[in-house]
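Some notes on the structure that comes next.
Atoms within a ligand are numbered from 1 in the order they appear, just like the ligands themselves. This one's a predicted model, so the numbers in the text were calculated from it and none came from an experiment.
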Amino acid sequence: MSNAIPDRPALQRAFDHALAYLEDLGTAPVAPRATLEALRGALGRPLGARPLAAPQVIDDLVADVAGGLHGSQGGRFFGWVIGGGVPAAIGADWLTSVWDQNACLHASGPAAAVAEEVAGAWLKDLFDLPAEASFAFVTGCQMAHVTCLAAARHAVLRDRGWDVERRGLAGGPPIRVLANADRHGSVDVALRILGLGVDALRPLALDADGRVSPEVLRAALAEGDSPTIVILQAGELNCAAFDPFGDLVPIAKAAGAWVHVDGAFGLWAKASPTRRALAKGVELADSWSTDGHKYLNVPYDSGLAFVRDAEAHRAAMTIATSYLPAGGGVARDPIDWNPELSRRARGFPVYAALRQLGRSGLADLVDRTCDHAQALIDGVGALEGAEKISGSSLNQGLVRFLAAGPGASEADHDRRTDAVIAAINASGEALFGGVTWRGRRCMRVSVSNWRTDADDVARAVAAVHAAMVATS
Ligand SMILES: *Cc1c(COP(=O)(O)O)cnc(C)c1O
């Protein structure tokens, strides 16, 4: 009798396709080439009346998505803040699917619960967060905001004698939210989901470096005495600005406010001895959101929430039912900390990535990507007709491209910038995104992938130069 399992042919095909994909990253175009119509034509098959052989489904899927994938797993993808996957994390992610644990309770996924418990403690240590802080492995930073801000909502209303979990928001003291004016849009979504509403937001004006100053925060806090949440930022998307936490957090705390930090990628600066100072004082805050799927280079579906006041966090998230056997105060049940009930055991890839990298590998990942970002920004900025706009204190920055001629207007420079970005992306050699920053079109440079090396940087600068020539 053979040991062959019915799954083997399809999984073997998937494995072979996966390796072939990774092996092609150096030569394949970085930007997708397939049109919307082509993808709809390929994938938009009628749903079959009868089953298909699983290996054929896999082969068809690979053929049908051809040209419709971003080369973000490779070293010359500099668009948005995406990141790739380190091998141990990809492998652990595959196993997570195969094991298919329901990581809601220790009882439903014992090893999954413990892997999260261990990885959560490692992360708190890496980020210098308080040992007593609670945490949750969620889908992304936006859901980490929801989780942290639900805890914040609980705590600031509890302090005014209002039980929001029982009574809801209506009729309670209105919460005001003071937030960095350059905050990421996911903060606003979290406020909407939590019923606080974006009208609760008071944007905090920024200094020339994109940071909230103590004077601005003090003045905003003095404007009222409603329950207050202050939202600061570690790593702004375009310039990687960090708020001066060491100055700001004590001011907010003295006013009784809860301080939340969006550290989607910037919190990882803490893992590098040479960049740590950027996030100085961030550990003084009350809650922190970050991503595993960006800078840690684990596959998507990985956000991380940390909360100093574990009781507030638990009060906001826990579910008490009799049919679910609780960990009894001994085991850690993710369900006490997560917004989901049934959920993927997404702690495994984080655990595996951290083990593969270790402290020095993680510091090196941060330092290397920052150095490559700097080299890219400087390399492109030095090209005739290009201009460096910001960066890079971390792994993000901006450049733009200038239209020729003495009479060129800002609008001409904007058009030129978009044209060069489009030409680079069309070349397939590298991918960058565009952004309107302080009223001007710019090209964003984001280096978040562990694979990016000096050759990728040189190839990308050459591709930018070629695109500038081709479009001039
Ligand atoms: C990407 C990002 C987010 C949102 O994270 P998701 O993982 O996409 O939910 C929030 N803040 C910043 C600064 C980001 O870069």
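Between V81 and ligand 1 there is no heavy-atom distance shorter than 4.0 Å. Using 4.0 Å as the threshold, E236 has no heavy atom nearer than that to any atom of ligand 1. Residue contacts with ligand 1 leave out G303, since none of its heavy atoms falls under 4.0 Å from the ligand. Judged by the shortest distance from any of its heavy atoms, M143 lies outside the 4.0 Å radius around the atoms of ligand 1.
Using a 4.0 Å cut-off between heavy atoms, T139 makes no contact with ligand 1 at all. Contacts between H184 and ligand 1, counted as non-hydrogen atom pairs separated by less than 4.0 Å, involve the side chain only.
Under a 4.0 Å N-O distance rule, the pair R275/D371 qualifies as a salt bridge. A salt bridge between R440 and D414 is absent, with no side-chain N of the basic residue lying under 4.0 Å from a carboxylate O of the acidic one.
Counting only N and O atoms by type, the side chains of H313 and T147 include no donor and acceptor under 3.5 Å apart. Under the 3.5 Å distance criterion, with hydrogens and angles disregarded, no donor-acceptor pair is assigned to the side chains of H372 and T452.
Near G140, with a cut-off below 4.0 Å to any heavy atom, the atoms of ligand 1 are 7 (O), 9 (O). Listed by atom number, the atoms of ligand 1 under 4.0 Å from L237 heavy atoms are 15 (O). Taking a cut-off of under 4.0 Å to the non-hydrogen atoms of H293, the atoms of ligand 1 that pass are 7 (O). Within ligand 1, counting atoms from 1 as listed, the ones closer than 4.0 Å to a heavy atom of F265 are 15 (O).
For the pair H145 and ligand 1, the shortest N or O to N or O distance does not fall below 3.5 Å. By the 3.5 Å distance cut-off applied to N or O atoms, Q233 is not counted among the residues near ligand 1. Checked by distance only, ligand 1 and C141 come closer than 3.5 Å through their nitrogen or oxygen atoms.
Closest approach of V298 to A353, counting heavy atoms only: CG1-CB, 3.5 Å. Residues A66 and L39 approach most closely at O-CD2, 4.5 Å, considering heavy atoms.
The protein heavy-atom contact nearest to atom 9 (O) of ligand 1 is Q142 N, 2.8 Å. Counting only heavy atoms of the protein, atom 10 (C) of ligand 1 lies nearest to S186 OG, 3.1 Å. Protein heavy atom in closest approach to atom 12 (C) of ligand 1: A264 CB, 3.2 Å. The protein heavy-atom contact nearest to atom 15 (O) of ligand 1 is K294 NZ, 2.8 Å. In terms of protein heavy-atom proximity, atom 13 (C) of ligand 1 is closest to D262 OD2, 3.5 Å.
Annotation: K280, atom NZ; neighbour count of heavy atoms from other residues, nucleotides and ligands within 6.0 Å does not exceed 12. Within 6.0 Å of CZ on R355 lie no more than 12 heavy atoms contributed by other residues, nucleotides or ligands.
Ring geometry for W80 against H70 counts as perpendicular: the plane angle is over 60°, on a 0 to 90° scale with 30° as the lower cut.
With values rounded to the nearest 0.5 angstrom, R314 atom CZ is found 8.5 Å from D333 atom CG. Considering CG of D93 and CZ of R346, their distance stands at 10.5 Å, rounded to 0.5 Å.
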